[in-house]
Every structure is written in structure tokens, then in C-alpha cells.
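Each ligand, and each atom within it, is numbered from 1 in the order the structure gives. Note: hydrogens, waters and symmetry copies are ignored here, and every other heavy atom, side chains too, is used.
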Amino acid sequence: MSRTLSAEQVAALADHLESAELDAREVCKVTKELPDMTFADAYDVQWEIRRRKEARGSRIVGMKMGLTSWAKMAQMGVETPIYGFLADYFSVDDGGVIDCSKLIHPKIEAEIAFVTKAPLRGPGCHVGQVLAATDFVVPTVEVIDSRYENFQFDLISVVADNASSTRFVVGGQMADVADLDLRTLGVVVEKNGQVVEVGAGAAVLGHPASSVAMLANLLAERDEYIPAGTFIMTGGITAAISTAPGDSITVRYQGLGSVSMRFE
Ligand code: OOG
Ligand code: MG
């Protein structure tokens with residue numbers, strides 16, 4: 001894997017992007033000043049942000065895949081799935097409030113999440129292994145908040161910014177993968193009582209379990225893996241929806257209940 005950044009540059013970029021997250025402040029794309037940055041550099045920055053949070057006492061409570069559906073790729077103008085991590089303070093209870101004063105320009109995404117019961121390792125991880133290693137699936141809504149101006153970025157910049165991660169809400173109804181057809185599982189996204197997006201699980205790489213397999217394969221490039229008991233969000237099924245104070249969101253998942261939140 002090719003790299004162009006020194007350890008000092010990685011640390012400086014992690015400080016820059018994490019401060020922007022914590023202060024809810026927009027910054028310009030990191031590739032503007034460092035156009036030669038590679039994927040490996042960008043993931044080095046993301047892992048350094050993760051290390052800083054853990055050093056400060058935050059716990060990592062899950063992983064996410066992003067840009068796994070055509071709707072999301074087309075919306076953001078990029079064509080490669082990426083991953084990020086979820087810290088403990090990103091989690092908001094179902095029916096809870098998202099405090100917009102701590103965010104820049106939040107958007108929501110309907111996602112299916114997996115919880116594993118066995119480790120998954122790449123390379124070569126596939127859907128069959130993912131299904132065998134799945135404890136259960138749960139419905140989730142991710143709130144993303146790119147730290148970049150106008151929510152515009154390139155792939156390298158968004159990887160360094162922990163894939164725009166900021167908040168997530170997990171629904172309370174879980175299911176066994178054997179009892180669901182995750183490809184035809186329908187989702188209906190409602191904002192202030194109106195349907196704004198509809199979709200089905202197959203929008204995510206043909207089957208949401210493919211997204212988990214891809215995560216295992218991407219992690220293997222860094223000699224990392226998915227331990228048993230990991231919560232993994234597989235990526236937005238539809239395009240993301242912009243939200244503002246006063247909005248309420250409900251996403252209905254076929255056979256899995258609904259997930260709601262209010263923005264204040
Ligand atoms: C990047 C993160 C995308 C998803 O589910 O596709 C993502 C972004 O669009 O800001 O979380
Ligand atoms: Mg997402």
C-alpha cells in the first residue's frame with residue numbers, strides 16, 4: 001500500500017479533522033493541500049482519530065460501511081465503498097433527540113445493521129461466511145455529518161474524516177437472518193410524516209451481507225478483522241436526506257419495526 005504522509009502529517013490531519021468534528025466546524029477538503037494523498041494515508045488518519053478517541057476514554061462500539069448503494073454513490077459522485085468506526089457517544093436512543101447545535105449539516109440514512117457471533121477475516125470473505133457468522137440483524141438510522149464545506153468531498157478526504165460518521169440510532173426489533181429475505185426487505189423513509197425515499201435491501205451491494213464481507217476484506221489490508229460481537233452498519237439504502245432543527249424522522253423496515261428521532 002503506497003503512502004505519502006509522515007507520521008507527523010497523519011497526526012496533524014487527525015487533530016485537524018477531529019477538532020472540526022468536536023467543534024462542529026466546516027473545513028476544506030484535506031486533498032486540497034495534499035493532492036497526492038492515497039487511500040492508505042487516509043485510513044491512517046482515520047485510525048489515528050480512532051486512537052485519539054480511545055486514548056481519551058471513548059469506546060469503539062461498532063463499524064460502518066458507506067457508499068455501498070448506487071443511490072449514495074450517485075448522490076456523492078464517488079463509486080467505491082469505504083468504512084468508518086462508531087464511537088460510544090455517537091449512539092442515540094430510538095425516539096431520541098439529535099442536537100443540531102453539535103452538528104454542521106446532518107443528513108439521515110436508512111441502514112440494516114448486523115451483529116456478529118464469530119470473527120470474520122478477509123481476504124476472500126464472502127456472503128456465506130457472513131450469514132454463518134451473524135447473530136442477528138437490526139434496523140438502524142445513521143446521521144452523517146461531513147466535516148467538509150457544502151458536504152462535498154472526494155473519496156480520500158471522506159475516508160480521513162471517518163466516513164462522515166456522527167450519530168446513529170438502533171431499533172429495538174432484531175431478527176435472525178434465516179427468517180428474512182434481506183434483498184427484498186423494504187424500507188420507507190418519512191420526514192415530518194411524508195414519504196421521502198423508499199428502497200429495498202438489495203440496493204446495498206446486491207445484498208447487505210456483501211457489505212459486511214467487503215468490510216472484512218478491506219480490514220484485512222491492514223491486518224485487522226471483525227471480532228465476534230461487532231455491530232456493523234451496512235450503508236444507506238437510499239440517498240441521504242438533509243435534516244434541520246424541528247424535523248422528525250421515522251424509517252419503517254419490513255418485518256423489523258421502525259426507528260424514529262427528532263432534530264432539535
Ligand atoms: C459518506 C458516508 C456514507 C453511507 O451509508 O453510505 C455513508 C457520506 O456520504 O458522507 O455513511
Ligand atoms: Mg451510512
*Asks:* Considering the heavy atoms of Gly236, write down every atom of ligand 1 situated less than 4.0 Å from one of them.
*Replies:* 4 (C), 5 (O), 6 (O)

*Asks:* If you count the atoms of ligand 1 from 1 in the order shown, which ones are under 4.0 Å from a heavy atom of Met76?
*Replies:* 9 (O)

*Asks:* What are the atoms of ligand 1, with element, lying closer than 4.0 Å to any heavy atom of Ile144?
*Replies:* 8 (C), 9 (O), 10 (O), 11 (O)

*Asks:* Could you find the nearest protein heavy atom to atom 10 (O) of ligand 1 and give me its residue, atom name and distance?
*Replies:* Ser164 OG, 2.6 Å

*Asks:* Give me the ring orientation class for Phe90 and Phe85: parallel if the planes are under 30° apart, tilted from 30 to 60°, perpendicular past 60°.
*Replies:* parallel

*Asks:* Side chains of Val212 and Ile226: closer than 4.5 Å at any heavy-atom pair?
*Replies:* yes

*Asks:* Check whether any heavy atom of Glu111 sits under 4.0 Å from an atom of ligand 1.
*Replies:* yes

*Asks:* What N/O/S atom of Glu109 gets nearest to the Mg ion (ligand 2)?
*Replies:* OE1

*Asks:* Return yes or no for this condition: an N or O of Ser146 is under 3.5 Å from an N or O of ligand 1.
*Replies:* no

*Asks:* What do you reckon, are the aromatic ring centroids of Phe231 and Phe114 less than 6.0 Å apart?
*Replies:* no

*Asks:* Decide whether the shortest distance between a heavy atom of Ala163 and an atom of ligand 1 is less than 4.0 Å.
*Replies:* yes

*Asks:* At less than 4.0 angstrom from any non-hydrogen atom of Glu109, what atoms of ligand 1 do you find?
*Replies:* 3 (C), 4 (C), 5 (O), 6 (O), 7 (C), 11 (O)

*Asks:* Vertex the Mg ion (ligand 2): angle to OE2 of Glu111 and OE1 of Glu142, to 10°?
*Replies:* 100°

*Asks:* Who's the nearest protein heavy-atom neighbour of atom 9 (O) of ligand 1, and how far?
*Replies:* Lys72 NZ, 2.8 Å

*Asks:* Gly235 heavy atoms, cut-off 4.0 Å: which ligand 1 atoms fall inside?
*Replies:* 5 (O)

*Asks:* Could you find the nearest protein heavy atom to atom 11 (O) of ligand 1 and give me its residue, atom name and distance?
*Replies:* Lys64 NZ, 2.8 Å

*Asks:* Look at atom 6 (O) of ligand 1 and say which protein heavy atom is nearest, naming residue and atom and giving the distance to 0.1 Å.
*Replies:* Leu67 N, 2.7 Å

